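Worth saying up front: this structure is predicted, and the values here are computed from it rather than measured.
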Amino acid sequence: MKNKMKKSYYIAGAILLVAIIATSAALIKNQLDIRASNGSTTQDPMINVDTAEYQAYVKLESDIEAPLQQSDIENVYFTINTSGEVKFYEYKNSSLSPLEATGSFSVKVNMSEQKIPAKIYYLTKDGKTSGYGLFTPQLTTDTIKIYDYAFFHLMNTPAQFSKKGAYMLAVDTTVEDFYINNKIYEEPYYCNITNGETSRILSEENRQPDKMGAKRADYSLFTTDVMNDCKGELLFFSSRFYETDGANKKLDLFESGNKGHNNVDNYRMIEDISDFYAKNVDDGFICLKNTATGFDAVLHKDRKAGSKEEVIKSFTGDFKNNYLRYGDYIIEKATLSVFNMVTKESYKINAGSVSDFKPDQICIDESSGAVFMRGYSLNHAAILLGNLKTGSGKVLYNEKFLNLINPVSNNDGSFTLTASKDSKGSAYYYIILAEK
């Protein structure tokens with residue numbers, strides 16, 4: 001399987017417990033394994049299961065053909081199966097309703113001298129366009145070398161770059177990310193949805209090849225959150241100055257040159273950052289930077305390398321092992337303390353009589369303050385439903401929590417979760433949960 005080096009040093013900031021892993025792209029058609037990515041749970045019989053209490057939080061439960069993922073459009077979700085077929089759903093009034101795709105088109109993007117094909121299904125609603133597609137060798141008659149998987153994400157181009165095209169296509173070649181939100185993308189393209197033509201935003205001419213012959217995937221990495229938050233030049237992440245498999249591999253924050261049209265004059269702004277996070281605010285931008293004892297949330301006053309930094313808050317301990325991030329929020333696993341890096345507000349969730357609950361996945365509804373956490377207690381799968389504003393929290397145990405995927409906020413105090421009916425991902429259902 002091609003290219004795990006993109007995120008081999010850590011998978012930090014991914015808001016997930018369960019990743020669906022295909023042992024190779026050739027097997028993605030037939031079998032997907034579900035594994036815990038943070039912490040561990042056990043298949044032992046559940047303890048303290050109170051089915052009636054759990055059901056009081058359930059607003060709806062129904063089968064779904066594939067895990068629901070969050071689109072770029074508010075309260076619109078999508079599914080994509082291993083045949084590359086995409087369906088859209090809208091959340092409204094505590095239920096999901098199917099939406100017909102606005103259209104589809106075929107595309108071929110140039111990656112490492114290979115033209116990777118896919119069919120993109122897209123939806124335009126409320127002034128936004130969101131689309132998705134999949135490449136595996138089984139889905140094309142073209143002969144493709146080096147790559148055996150690619151996920152495609154169509155989105156509106158940030159205003160600064162719109163002169164080159166209204167739409168942007170992002171590509172992720174890490175098969176382990178297939179069914180998760182918050183993917184880390186390594187290739188951005190301008191995309192014409194009428195004829196499928198694409199052109200690069202960042203050149204690959206300066207990139208070194210990896211061991212498989214592909215241009216380094218960790219040369220320029222970005223998330224949709226950072227792209228959509230773009231102001232001025234494009235911020236992105238890179239490990240280009242480190243060996244691909246080196247023990248001392250780090251992640252740095254870069255800025256594109258010439259409005260993102262080339263990377264000749266990219267420069268490294270901040271070295272050794274903790275996570276794929278960069279947020280523009282009125283007086284600069286915020287990122288997470290590693291320190292000798294942990295990491296800092298820091299505000300950079302301008303876009304110059306070595307510019308003045310203001311520490312917003314210092315954290316002790318390793319980011320990956322001791323903390324989670326959801327958007328602008330940092331969560332300490334051991335204490336359930338929550339900090340908003342933009343507003344500088346602190347919160348504490350009370351898990352009641354359960355003292356050992358450790359989250360490995362979190363979702364927050366900012367409007368209501370509702371919080372969903374998935375984790376474990378006494379080595380058993382558990383969830384916590386709580387609220388930042390009140391500090392209240394309720395831990396629930398249920399066998400349904402063993403194979404949860406992708407909690408998403410519905411922006412009304414409720415959360416939509418997908419769960420697999422077994423450990424192989426043979427069938428799925430979704431659950432809509434809310435505080436009583």
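- Between F236 and V226 the shortest side-chain heavy-atom distance does not fall below 4.5 Å.
- Expressed to the nearest 0.5 Å, how far OG1 of T157 lies from CD1 of I201 amounts to 6.5 Å.
- Side-chain contact, S274 with N290: a donor N or O sits under 3.5 Å from an acceptor N or O.
- Side chains of N411 and N75: a donor on one and an acceptor on the other come within 3.5 Å.
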- Stepwise side chain to side chain contact (heavy atoms under 4.5 Å, CB included) test for V107 and T198: CA-CA 8 Å; V107 67; T198 62; 3.4 Å; yes
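- Taking 4.5 Å as the limit, every side-chain heavy atom of M373 sits out of range of all side-chain heavy atoms of I383.
- Scanning all heavy atoms of the two residues, the minimum distance from A351 to L384 falls at CB-CD1, 3.8 Å.
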- E186 and S220: side-chain hydrogen bond (donor to acceptor under 3.5 Å, both in side chains), yes or no, with the steps? CA-CA 6 Å; E186 67 247 35; S220 57; over 6 Å; no
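- A donor atom on one side chain and an acceptor atom on the other are not found under 3.5 Å apart for E85 and S83.
- Between E176 and T174, the side chains place no donor N or O within less than 3.5 Å of an acceptor N or O (distance only, hydrogens not considered).
- Take K119 and apply the salt bridge (charged side-chain N to carboxylate O under 4.0 Å, His left out) test, not counting sequence neighbours, and it matches no residue.
- In summary, the side chains of Y185 and E187 do not present any donor paired with an acceptor at a separation below 3.5 Å, with no hydrogens or angles considered.
- N350 places a side-chain N or O within donor-acceptor distance of the main-chain N or O of G352, the cut-off being under 3.5 Å.
- The aromatic rings of F151 and Y132 lie tilted to each other, with the angle between the two planes from 30° to 60°.
- Residues D328 and N340 have side chains that never bring a donor and an acceptor to within less than 3.5 angstrom of each other.
- Here D126 pairs with nothing under the salt bridge (charged side-chain N to carboxylate O under 4.0 Å, His left out) rule; sequence neighbours left out.
- With hydrogens and angles disregarded, a donor-acceptor distance shorter than 3.5 Å links the side chain of N81 to the backbone of G84.
- Residues V109 and K115 fail the side-chain proximity criterion, which asks for heavy atoms closer than 4.5 Å.
- Annotation: side chain of K333 is not in contact with side chain of N322 (no heavy-atom distance under 4.5 Å).
- Distance alone, capped at 3.5 Å, places no donor-acceptor pair between the S239 side chain and the Y242 backbone.
- The shortest non-hydrogen separation linking Q361 to P407 is NE2-CD, 3.1 Å.
- Distance alone, capped at 3.5 Å, places no donor-acceptor pair between the T418 side chain and the P67 backbone.
- Side-chain atoms of K183 and Q69 include a donor-acceptor pair closer than 3.5 Å.
- Ring-plane geometry between F78 and F88 is classed as tilted, the angle between the planes lying from 30 to 60 degrees on a 0 to 90 degree scale.
- Salt bridge status for K289 with E309: present, with a side-chain N to carboxylate O gap under 4.0 Å.
- Contact of the L388 side chain with the V338 side chain is registered, since non-hydrogen atoms from C-beta on lie closer than 4.5 Å.
- Of all the heavy atoms in F295 and G317, the pair that sits closest is CD2-O, 3.8 Å.
- Each of K250, R240, K249 was compared with D218 under the salt bridge (charged side-chain N to carboxylate O under 4.0 Å, His left out) criterion, and only K249 meets it.
- The closest side-chain heavy-atom distance from R268 to I270 is not below 4.5 Å.
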- Task: Would you please test I431 and F415 for side chain to side chain contact (heavy atoms under 4.5 Å, CB included) and show each step?
- Result: CA-CA 8 Å; I431 309 165; F415 301 92; over 6 Å; no
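- Within a 6.0 Å radius of NZ in K421, other residues, nucleotides and ligands contribute more than 12 heavy atoms.
- Distance alone, capped at 3.5 Å, is enough to place a donor-acceptor pair between the D365 side chain and the G413 backbone.
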- Task: Start with the C-alpha distance between S420 and Y429, add both sets of side-chain angles, then the distance that settles side-chain hydrogen bond (donor to acceptor under 3.5 Å, both in side chains), and finish with yes or no.
- Result: CA-CA 7 Å; S420 173; Y429 60 99; over 6 Å; no
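- For the 3.5 Å distance criterion, the side chains of D72 and S130 qualify, holding a donor opposite an acceptor.
- Atom NZ of K108 has 12 or fewer neighbouring heavy atoms from other residues, nucleotides or ligands inside a 6.0 Å radius.
- Y179 places a side-chain N or O within 3.5 Å of a backbone atom of I80 that can act as its donor or acceptor partner.
- Here the closest heavy-atom approach between residue M341 and residue L288 is recorded as SD-CD2, 3.4 Å.
- Listed here is the closest heavy atom pair of L169 and C191: CB-CB, 4.0 Å.
- By the 30° and 60° cut-offs, the orientation of the rings of F319 relative to Y323 is parallel.
- With no hydrogens or angles considered, a side-chain donor-acceptor pair links S377 and Y397 at under 3.5 Å.
- Going from atom CD1 of I349 over to atom CD1 of I331 covers 9.5 Å, rounded to the nearest 0.5 Å.
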- Task: Would you sort out whether L134 and L139 count as a side chain to side chain contact (heavy atoms under 4.5 Å, CB included), showing the intermediate values?
- Result: CA-CA 8 Å; L134 175 68; L139 302 181; 4.0 Å; yes
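- Using a 4.5 Å heavy-atom threshold, the side chains of T136 and D148 count as separate.
- Side-chain atoms of F135 and V171, non-hydrogen and from C-beta on, never get closer than 4.5 Å to each other.
- Not a single donor-acceptor pair under 3.5 Å links the side chain of R374 to the backbone N or O of D360.
- Both the sub-6.0 Å distance and the 45° axial angle are satisfied by K313 relative to the ring of F315.
- For S414 and N410, the side-chain atoms include at least one donor-acceptor pair closer than 3.5 Å.
- Cation-pi geometry between R325 and F276 is not met: the NZ or CZ atom fails to fall both under 6.0 Å from the ring centre and inside 45° of the normal.
- Heavy-atom minimum distance, L253 versus F237: CD1-CE2, 3.6 Å.
- Under a 3.5 Å cut-off, the side chain of D422 and the backbone N or O of S426 do form a donor-acceptor pair.
- In summary, the side chains of T124 and T129 do present a donor paired with an acceptor at a separation below 3.5 Å, with no hydrogens or angles considered.
- Side chain of D229 to main chain of D225: no donor-acceptor pair is present (N/O by atom type, distance under 3.5 Å, no hydrogens or angles).
- The closest side-chain donor-acceptor pair between Y190 and E197, if any, does not fall under 3.5 angstrom.
- When atom types are taken as modelled, the side chain of Y428 and the backbone of G425 share a donor-acceptor pair closer than 3.5 angstrom.
- Residues S238 and D252 have side chains that never bring a donor and an acceptor to within less than 3.5 angstrom of each other.
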- Could you walk me through whether S112 and Q114 pass the side-chain hydrogen bond (donor to acceptor under 3.5 Å, both in side chains) check? CA-CA 5 Å; S112 301; Q114 304 295 303; over 6 Å; no
- Message: One pair to check against side chain to side chain contact (heavy atoms under 4.5 Å, CB included): L235 and M269. What are the steps and the verdict?
- Response: CA-CA 9 Å; L235 296 175; M269 299 181 67; 3.7 Å; yes
